[in-house]
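Basis for what follows: all heavy atoms, side chains included, without hydrogens, waters or symmetry-related copies.
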Amino acid sequence: MSTNEQLIKIGSLEWFYREENPIGRTDKLPVLLLHGLPSQSYSWSAVMPALAEKGYRAIAPDWIGFGFSAKPDRRDFAYTPDTFINALAEFIQHLEIERFYLVVQGFLGSVGLQYALRHPDQIERLVILNTPVSTTAKLPWKIQQLGLPFVGDMITQDPLLVDRTLEGGSRYVISEKDLDIYRRPYLKSSDAGRSLLFTVRNLQLQQSMAEIESGFRSWTQPTLIAWGMKDPWLPFTQAQQLASSIQKAEIMKMEEVGHYPQDHWSDKVSDAIQGFLRRQAIG
């Protein structure tokens with residue numbers, strides 16, 4: 001099996017996504033994997049083949065403004081959660097996916113949770129990896145500074161921002177091979193840095209967290225919250241708080257893992273996702 005890289009145009013926006021298909025026919029629902037800041041779909045590249053081997057079609061898009069997807073001007077794309085949610089809805093509709101498993105991670109991955117709350121009938125099961133889920137969540141300084149006036153304009157044009165942010169959040173050294181891919185959009189065009197700047201400035205974290213906190217009190221789909229315990233930005237207490245409000249929730253600690261679990265502990269993450277998707281419904 002090899003990962004297919006696709007570029008499709010939906011309306012005025014070009015979406016880049018990676019797709020891994022199982023060999024032969026399968027009756028299993030697809031798995032949609034959403035990345036956080038300032039990452040891209042490449043972060044799921046070790047998880048996707050493992051899912052495909054178990055019969056799941058795995059799809060990981062680059063958010064608009066990130067990776068190799070379009071990086072529109074802010075006059076054409078507002079870079080707010082609602083704008084991302086609407087674009088994601090069009091992407092899912094274009095792929096003709098009616099129901100799926102959803103996996104989210106990180107800041108901006110939280111937009112995927114808002115999408116789920118607004119389209120619960122599409123979500124079979126939900127997996128949350130180190131994603132802000134509480135009104136107590138704060139944007140970490142390493143990401144916050146990317147949106148500051150003047151300072152953010154300069155920092156987001158430096159490809160090394162990727163190294164500093166991903167390694168700062170994961171607390172592990174990332175290989176040069178992987179960093180080459182993560183840096184590439186920032187080396188190719190200044191549009192990548194501007195998209196990141198606008199996203200951080202318009203993340204509306206408190207409003208989004210309020211929607212997530214209140215919305216998940218009535219969430220009924222089975223949910224796995226798998227948490228990297230060495231995350232310097234999002235404490236485990238936030239995961240516990242969310243789990244306590246969901247009727248069908250499981251919680252899992254990943255002791256040696258930081259903010260980006262799929263990058264450094266892909267085997268553990270793959271096993272956790274597969275096991276959860278196979279299990280009988282909780283309760």
Side-chain angles (χ1 to χ4, degrees), residues 3 5 7 14-18 33-48 60-72 74 77 79 84 103-112 129-132 137-203 205 228 230-234 257-266 269:
T3 303
E5 297 181 353
L7 188 64
E14 279 194 337
W15 283 85
F16 175 91
Y17 68 98
R18 291 178 164 87
L33 305 114
L34 301 177
H35 67 83
L37 293 176
S39 193
Q40 53 174 278
S41 60
Y42 180 74
S43 67
W44 300 106
S45 58
V47 173
M48 296 173 71
D62 287 346
W63 284 111
I64 296 299
F66 293 86
F68 303 98
S69 286
K71 296 165 184 68
R74 60 180 171 176
F77 189 87
Y79 293 94
F84 282 112
V103 183
V104 304
Q105 184 274 320
F107 293 88
L108 194 57
S110 55
V111 170
L129 306 171
N130 292 75
T131 302
K138 306 295 182 187
L139 205 59
W141 175 245
K142 278 189 181 294
I143 294 178
Q144 190 182 133
Q145 63 183 332
L146 302 176
L148 294 175
F150 306 113
V151 174
D153 291 87
M154 291 186 292
I155 295 175
T156 53
Q157 293 303 319
D158 179 3
L160 295 181
L161 75 90
V162 174
D163 309 38
R164 291 189 291 264
T165 310
L166 295 180
E167 292 184 343
S170 65
R171 293 183 169 175
Y172 288 93
V173 175
I174 299 175
S175 72
E176 279 298 316
K177 170 181 168 289
D178 291 339
L179 286 173
D180 282 345
I181 294 172
Y182 285 125
R183 292 178 192 138
R184 199 172 298 164
Y186 299 93
L187 292 167
K188 184 178 179 182
S189 168
S190 60
D191 291 342
R194 282 194 289 269
S195 293
L196 176 58
L197 174 80
F198 299 145
T199 300
V200 174
R201 286 183 179 175
N202 295 291
L203 200 54
L205 191 62
K230 290 192 174 180
D231 189 331
W233 300 334
L234 295 172
V257 183
H259 182 69
Y260 301 95
Q262 70 272 33
D263 270 310
H264 293 287
W265 292 89
S266 57
V269 168

Task: Step-by-step side-chain contact (heavy atoms from CB on, under 4.5 Å) determination, Y42 to T3 - done: CA-CA 10 Å; Y42 180 74; T3 303; over 6 Å; no

Open item on the list: Could you work out, with side-chain contact (heavy atoms from CB on, under 4.5 Å) as the rule, every residue matching V200, not counting sequence neighbours?
Closed with: L37, L139, I143, L146, L196

TODO: Decide side-chain contact (heavy atoms from CB on, under 4.5 Å) for F84 and L34; before the verdict, give the C-alpha distance in whole Å, the side-chain angles of both, and the deciding distance to 0.1 Å.
DONE: CA-CA 12 Å; F84 282 112; L34 301 177; over 6 Å; no

- [ ] Let me see the working for L234 and F107 under side-chain contact (heavy atoms from CB on, under 4.5 Å), right down to the final yes or no.
- [x] CA-CA 10 Å; L234 295 172; F107 293 88; 3.8 Å; yes

- [ ] Tell me, please, which residues at least two apart from H259 pass side-chain hydrogen bond (donor to acceptor under 3.5 Å, both in side chains).
- [x] D231

Open item on the list: So does I181 get a backbone contact from the side chain of Q40, meaning a donor-acceptor N/O pair under 3.5 Å?
Closed with: yes

Task: Point-to-point distance, once rounded to the nearest 0.5 Å, from CG of L187 to CD of Q157 - done: 11.0 Å

Open item on the list: Restricting to non-hydrogen atoms, name the atom on N130 and the atom on G228 that form the minimum distance, rounded to 0.1 Å.
Closed with: OD1-N, 2.6 Å

Open item on the list: The criterion is side-chain hydrogen bond (donor to acceptor under 3.5 Å, both in side chains); which residues satisfy it with Q262, sequence neighbours excluded?
Closed with: S43, Q105

TODO: Apply side-chain hydrogen bond (donor to acceptor under 3.5 Å, both in side chains) to R164 and list each qualifying residue two or more places apart in sequence or on a separate chain.
DONE: D158

Open item on the list: Under the rule for side-chain contact (heavy atoms from CB on, under 4.5 Å), what residues qualify as partners of R74, not counting sequence neighbours?
Closed with: Y79, F198

Open item on the list: Apply side-chain contact (heavy atoms from CB on, under 4.5 Å) to residues L148 and Q145 and explain how you reach the verdict.
Closed with: CA-CA 5 Å; L148 294 175; Q145 63 183 332; 4.0 Å; yes

Open item on the list: Given 3.5 Å as the limit, does a donor-acceptor pair link the side chain of S195 with the main chain of G193, or not?
Closed with: no

Task: Spatial distance of atom OH (Y186) from atom CZ (F66) [nearest 0.5 Å] - done: 6.0 Å

- [ ] Rounded to the nearest 0.5 Å, what's the gap from CG on L197 to OG1 on T199? Could you check?
- [x] 8.5 Å

Open item on the list: If I compare all heavy atoms of W233 with all of G168, which pair ends up nearest, and what's the gap?
Closed with: CZ2-C, 4.0 Å

Task: Closest contact, heavy atoms only, I64 versus P72 - done: CG2-CD, 3.6 Å

Open item on the list: How close do K71 and P185 get, counting heavy atoms only, and between which atoms?
Closed with: CE-CB, 4.2 Å

- [ ] Assign the ring pair W63 / H35 to parallel, tilted or perpendicular, where the plane angle (0 to 90°) is split at 30° and 60°.
- [x] perpendicular

Task: Summary of salt bridge (charged side-chain N to carboxylate O under 4.0 Å, His left out) pairs that have at least one residue in residues 139-156, sequence neighbours excluded - done: D153-R201

Task: By salt bridge (charged side-chain N to carboxylate O under 4.0 Å, His left out) - contacts of E14 (at least two apart) - done: none

Task: With S189 via side-chain contact (heavy atoms from CB on, under 4.5 Å) - residues at least two apart - done: D191

TODO: Evaluate the ring planes of Y172 and W265, with Trp represented by its six-membered ring, and classify them as parallel (under 30°), tilted (30 to 60°) or perpendicular (over 60°).
DONE: perpendicular

Task: Partner residues of S41 under the side-chain hydrogen bond (donor to acceptor under 3.5 Å, both in side chains) criterion, sequence neighbours left out - done: R18, D62

Task: Close side-chain approach of S170 to D263, heavy-atom, < 4.5 Å - done: no

TODO: Could I get the full list of salt bridge (charged side-chain N to carboxylate O under 4.0 Å, His left out) partners for D163, not counting sequence neighbours?
DONE: R183

Task: Least distance between heavy atoms, P232 atom then G169 atom - done: CD-O, 3.2 Å

Open item on the list: Would you compute the distance between atom CE of M48 and atom OG of S266 and round it to the nearest 0.5 angstrom?
Closed with: 13.0 Å

Open item on the list: Going by the rule side-chain contact (heavy atoms from CB on, under 4.5 Å), which residues pair with I174 if we only count those two or more places apart in sequence or in a different chain?
Closed with: L166, E167, D178, L179, H264

Open item on the list: I need the minimum non-hydrogen distance between V104 and G109, along with the two atoms involved.
Closed with: CB-O, 3.6 Å

